[in-house]
Amino acid sequence: MWTDKQRGIRVSQKELLCKNACGYYGNPAWTGFCSKCWRDQARPAAASRQDASPANDGTPLTFSKFEEKKSTEKGRRINTMRRLFWGSTSPPKPQESFERHANVLKPYQSLEPGDFTGFLKILKSPSSQRLQSRCTAFLNTMEAYHDLPVQKQSDLVQDFFQSFADYFSTLPEAQVTCIMEHVEKLIMTRLHKWVFCHDSCDDEQKDLALQRRIRSLNWITPQMLSVPFPDKRTEVTGDPFLPAITAIIEMDAKRAPQDKLACVSKCSQHVFEALSTSNSEPANADDFLSALVYVVLKANPPRLHSNMQYVIRFGLPHSLMAGESGYYFTNLSCAVAFIEKLDGPALNLSPAEFEGYMLRQRAPSEGKRQQVDSDTQHLLEELKGRQEKLDQGMDALNVQLQNWVKGVHSQLDEATAQFAVVQKEIAAQGELSQVFPSSSHNASPQEDDKVESVLVLTDQRAGTQDTNATPGTGPFLF
């Protein structure tokens, strides 16, 4: 399943599906089942282990008592969810609540995917007051009983999701899915601090073990995993999978399961983009899984096991059982399972070679080391060329800036000179108006023209005399 000497990691589409042949994606965390089949098998098994324990009188339970206790336990859980959702142990009568139910559903019909703010506004409206009260009551109950085992908390959350989905069952399936994604985000954002990496499970220990395992495998190269890399790298980092590494690391910062799944989908899309630039042929499932293993090894995401278990326990079933997000999450689970079971044959290495790498007694081959050195030299030369171009651009920009400053100073000097000339003309006109104050008011238009002509001739003669004058001579009279 996992290895092939020509292509590295190989997983067929059939191996990703639920082994119960229901058509949905399975998961190694669910022993190959999908979430629905796994829960259907896990709950009866848990009930049988609990009911098979000795009674108070020391005698084992009979089959009839076993069935009676099983029915009681199931009825108690159903009544608990009904009491949280409807306010009583029985659902409302259809004939009494049909009109009210239709009024409540009407605003949700126009809700858009991703519009969480709009969902909150609708939920706070008077028509949805009862739904809001049910959500608040459920959150308060879960916080009050946060010491319950994490699997019990998972069952309660999933039952609440199912009850909420049944309330909107008359709407189209796509609209119900949109509403439930908002409900999941609302509920799990509040419950994250209570149920994530719960004390009743060993998620923290498994996180540390997985981190140590990934850290011990940091010597693995892309060539060992048959991951295609581009011959000419356009980025200075030299790693086309860096955006995918960043996306998978961001998963730990999210609180809602769908937001964590969005990080997984974003990481997977970046992997496909990197493969498309690294290989002339279209990326296939084998290349994708090998590249995803490489991304996980390089990223070593914090609390990866806890994040995956959180999505499995408290995420919406349809997000994991089918669709793009389900496919990507299943491949991530396969990648983690491959890393946990990784050995020499999976990398086309002998057991002795694999043990030498793990004990740090061996290093990548000389040819691969030379390839790394060549790539590093290529990056250094590329950086040097970019630095030279940057220096040339800065010099050209400095010259342009200096020319611009000179031009501004020249224009400023020219404007200052023109302003001085204008001031002189205004002063000369003021002196003439003082010499001939009465004549200027009583003169006819013809006389005004004559005065203007005299002023023009006077200015022209003054300009000519200033031009022909030599230094040291006195003023000219006219």
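For Ile249, the side chain to side chain contact (heavy atoms under 4.5 Å, CB included) partners are Ile245, Ala299, Pro302, not counting sequence neighbours. With sequence neighbours left out, Lys206 forms a salt bridge (charged side-chain N to carboxylate O under 4.0 Å, His left out) with Asp202. Checked against ring pair (Phe, Tyr, Trp, His ring centres under 6.0 Å), Tyr145 has no partners two or more places apart in sequence or in another chain. In this view, Asp207 satisfies the salt bridge (charged side-chain N to carboxylate O under 4.0 Å, His left out) rule with no residue, not counting sequence neighbours. Applying the side-chain hydrogen bond (donor to acceptor under 3.5 Å, both in side chains) criterion to Gln211, with sequence neighbours excluded, gives no partner residue. Taking Tyr310 as the reference, nothing meets the side-chain hydrogen bond (donor to acceptor under 3.5 Å, both in side chains) condition, with sequence neighbours excluded. Asp199 meets the salt bridge (charged side-chain N to carboxylate O under 4.0 Å, His left out) test with no other residue; sequence neighbours excluded. In terms of the side-chain hydrogen bond (donor to acceptor under 3.5 Å, both in side chains) criterion, residue partners of Arg360 (sequence neighbours excluded) are, by chain and number, Asn218.
Leu111 approaches Gly118 most closely through the heavy-atom pair CD1-C, 4.0 Å. The heavy-atom pair separating Ser333 from Met308 by the smallest distance is OG-CE, 3.3 Å. Across all non-hydrogen atoms, the minimal contact from Gly114 to His182 is N-CE1, 3.6 Å. Residue Ala247 comes nearest to Cys263 through the heavy atom pair O-CB, 3.6 Å, listed as atom of the first residue, atom of the second, then distance. Of all non-hydrogen atoms in Leu123 and Gln132, the two that sit nearest each other are O-OE1, 3.5 Å. The shortest non-hydrogen separation linking Leu289 to Cys334 is CD1-CB, 4.3 Å.
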### Task
Walk me through it: do Phe138 and Asp159 pass the test side chain to side chain contact (heavy atoms under 4.5 Å, CB included)?
CA-CA 11 Å; Phe138 177 74; Asp159 289 341; over 6 Å; no
### Message
Does Leu292 form a side chain to side chain contact (heavy atoms under 4.5 Å, CB included) with Ile248? I'd like the steps, not just the answer.
### Response
CA-CA 10 Å; Leu292 190 59; Ile248 195 66; over 6 Å; no
### Task
Please lay out, stage by stage, how Asn331 and Ser268 fare under the test side chain to side chain contact (heavy atoms under 4.5 Å, CB included).
CA-CA 9 Å; Asn331 276 272; Ser268 302; over 6 Å; no
### Query
Could you go step by step and tell me if Met224 and Trp219 meet the side chain to side chain contact (heavy atoms under 4.5 Å, CB included) rule?
CA-CA 10 Å; Met224 292 180 180; Trp219 49 268; 3.7 Å; yes
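Heavy-atom contacts from other residues, nucleotides or ligands closer than 6.0 Å to CD of Glu340 number more than 12. In Glu204, the CD atom is not crowded: 12 or fewer heavy atoms of neighbouring residues, nucleotides or ligands sit closer than 6.0 Å.
Residue pairs satisfying the side-chain hydrogen bond (donor to acceptor under 3.5 Å, both in side chains) criterion with at least one member in residues 291-300, sequence neighbours excluded, are listed as follows: Asp239-Tyr294. Identified under the side-chain hydrogen bond (donor to acceptor under 3.5 Å, both in side chains) test for residues 117-129, with sequence neighbours left out: Tyr108-Ser128, Ser125-Ser127.
The backbone N or O of Val150 lies less than 3.5 Å from no partner atom in the side chain of Ser154, so there is not a single donor-acceptor pair. A donor-acceptor pair under 3.5 Å links the side-chain atoms of Arg213 to the main chain of Leu342, judged by distance alone. Not one N or O on the side chain of Asn398 forms a donor-acceptor pair closer than 3.5 Å with the backbone of Met394. Side chain of Gln175 to main chain of Pro172: no donor-acceptor pair is present (N/O by atom type, distance under 3.5 Å, no hydrogens or angles). In this structure, the side chain of Gln158 engages the main chain of Gly315 through a donor-acceptor pair within 3.5 Å. Formation of a donor-acceptor pair under 3.5 Å by the Ser325 side chain with backbone atoms of Ser319 is found in this model.
One finds the CG atom of Leu304 at 11.5 Å from the CG atom of Asp203 (value rounded to the nearest 0.5 Å). Rounded to the nearest 0.5 Å, atoms CG (Leu349) and CD1 (Ile220) are 8.5 Å apart. In this structure, the separation between CD on Gln109 and CD1 on Ile179 is 8.5 Å, given to the nearest 0.5 Å. Interatomic distance, CD of Gln387 versus CD of Gln392, reported as 11.0 Å (0.5 Å rounding). Atom SG of Cys197 is separated from atom CD of Gln205 by 8.0 Å, given to the nearest 0.5 angstrom. To the nearest 0.5 angstrom, Ile339 atom CD1 is 10.0 Å from Ser216 atom OG.
Counting heavy atoms from C-beta outward, Leu316 and Val183 have side chains that stay 4.5 Å or more apart. The shortest distance between side-chain heavy atoms of Cys135 and Phe164 falls below 4.5 Å. No side-chain heavy atom of Thr141 sits under 4.5 Å from any side-chain heavy atom of Phe160. Tyr327 has its side chain within reach of Phe288: a pair of non-hydrogen atoms, C-beta onward, lies under 4.5 Å apart. Under the 4.5 Å side-chain criterion, counting only non-hydrogen atoms from C-beta, Asp287 is not in contact with Val227. In this structure, the side chains of Leu347 and Tyr357 stay at 4.5 Å or more apart for every pair of heavy atoms. Side-chain atoms of Met358 and Phe354, non-hydrogen and from C-beta on, do get closer than 4.5 Å to each other. Contact annotation: the side chain of Leu131 approaches that of Phe168 to within less than 4.5 Å [non-hydrogen atoms, C-beta and beyond].
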Table please: side-chain donor-acceptor pairs of residues 254-261 below 3.5 Å, with sequence neighbours left out.
| unit_1 | atom_1 | unit_2 | atom_2 | d |
| --- | --- | --- | --- | --- |
| Gln258 | NE2 | Glu181 | O | 2.2 |
| Gln258 | NE2 | Glu184 | OE1 | 3.2 |
| Lys260 | NZ | Met251 | O | 3.1 |
| Lys260 | NZ | Lys254 | O | 2.6 |
| Lys260 | NZ | Asn307 | OD1 | 2.5 |

Identify every side-chain donor-acceptor pair in residues 186-195 under 3.5 Å, counting partners at least two apart or on other chains, and give the distances.
| unit_1 | atom_1 | unit_2 | atom_2 | d |
| --- | --- | --- | --- | --- |
| Thr189 | OG1 | Lys185 | O | 2.5 |
| Arg190 | NH2 | Glu143 | OE2 | 3.1 |

